[in-house]
Amino acid sequence: MNENDSAGTIGRFLTLADAADILNVSASQAYALVRTGELPAIKVGGSGHWRVERSVLESYIEAKYEESRRLSLWNQSQFTDLPEFFAAPQHHGQH
C-alpha cells in the first residue's frame, strides 16, 4: 500500500472535529463557521451530523489565503502615494 492508497481510504467527507483539526481551531469554532455559512457543510444521517467535503475545505483554505493576500495588498496601498489621484489636472492642447 503506497501513500496515495492510504490517502484515498480516508474518505471524501470530514467530521467537524477533523475539519477543526486541519484548520487548527476548536470544534466550536468550526461549528460556528458552518453555522454562519462561511464554511459550506452538509448534514447527514438521522442525527444530523455535519460533514465537510475535503475539496470544499481545501477551497475554503485557498480562499482565505487569497483574502489575506488581497488585504495585505490593500493595506500596503494605503501607505503609497497615488499621484494620479492627487496631481493637478494637466491640460493637453495647443494655445
Side-chain angles (χ1 to χ4, degrees):
M1 183 179 207
N2 65 34
E3 287 181 31
N4 291 338
D5 290 338
S6 63
T9 61
I10 294 173
R12 177 176 174 180
F13 292 95
L14 300 165
T15 65
L16 282 187
D18 291 338
D21 283 345
I22 290 169
L23 294 172
N24 198 25
V25 298
S26 70
S28 61
Q29 288 172 314
Y31 177 68
L33 292 173
V34 168
R35 197 177 64 240
T36 62
E38 184 174 337
L39 177 60
I42 61 171
K43 260 187 177 181
V44 296
S47 306
H49 296 286
W50 286 104
R51 295 293 180 264
V52 179
E53 191 167 3
R54 275 182 190 285
S55 61
V56 170
L57 183 60
E58 291 301 323
S59 295
Y60 172 79
I61 292 168
E62 288 301 316
K64 296 308 274 184
Y65 273 119
E66 180 63 16
E67 182 181 301
S68 293
R69 186 186 71 80
R70 288 174 185 236
L71 183 60
S72 175
L73 290 172
W74 185 81
N75 286 333
Q76 289 172 22
S77 72
Q78 289 186 326
F79 299 106
T80 60
D81 290 334
L82 301 172
E84 63 271 21
F85 292 123
F86 302 109
Q90 298 188 6
H91 299 285
H92 298 288
Q94 297 176 344
H95 292 130

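Rounding to the nearest 0.5 Å places NZ of Lys64 at 10.0 Å from CG of Leu71. A distance of 12.5 Å separates CD of Glu67 from OG of Ser72, quoted to the nearest 0.5 Å. Interatomic distance, CZ of Arg12 versus CD of Glu53, reported as 4.0 Å (0.5 Å rounding). Distance check: Phe13 CZ to Leu57 CG gives 12.5 Å after rounding to the nearest 0.5 Å. Considering CG of Leu14 and CG of Asp21, their distance stands at 10.0 Å, rounded to 0.5 Å. Between atom CG of residue Leu33 and atom CD of residue Glu38 there is a gap of 5.0 Å, rounded to the nearest 0.5 Å.
Under the 4.5 Å side-chain contact rule for hydrophobic residues, Val25 and Leu39 share a cluster.
Nearest heavy-atom pair across Ala30 and Leu16 is CB-O, 3.9 Å. When every heavy atom of Val52 is checked against every heavy atom of Ala41, the shortest pair comes out as CG2-CB, 3.9 Å.
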With side chain to side chain contact (heavy atoms under 4.5 Å, CB included) as the criterion, how do Trp50 and Val44 come out once you've worked through the C-alpha distance, each side chain's angles and the decisive distance to 0.1 Å? CA-CA 6 Å; Trp50 286 104; Val44 296; over 6 Å; no
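Note on Glu66 versus Arg69: salt bridge recorded, some NZ/NE/NH1/NH2 to OD/OE distance being below 4.0 Å.
A side-chain donor-acceptor contact under 3.5 Å links Asp18 and Thr15. Counted by atom type alone, Ser26 and Gln29 present one or more donor-acceptor pairs between their side chains at under 3.5 Å.
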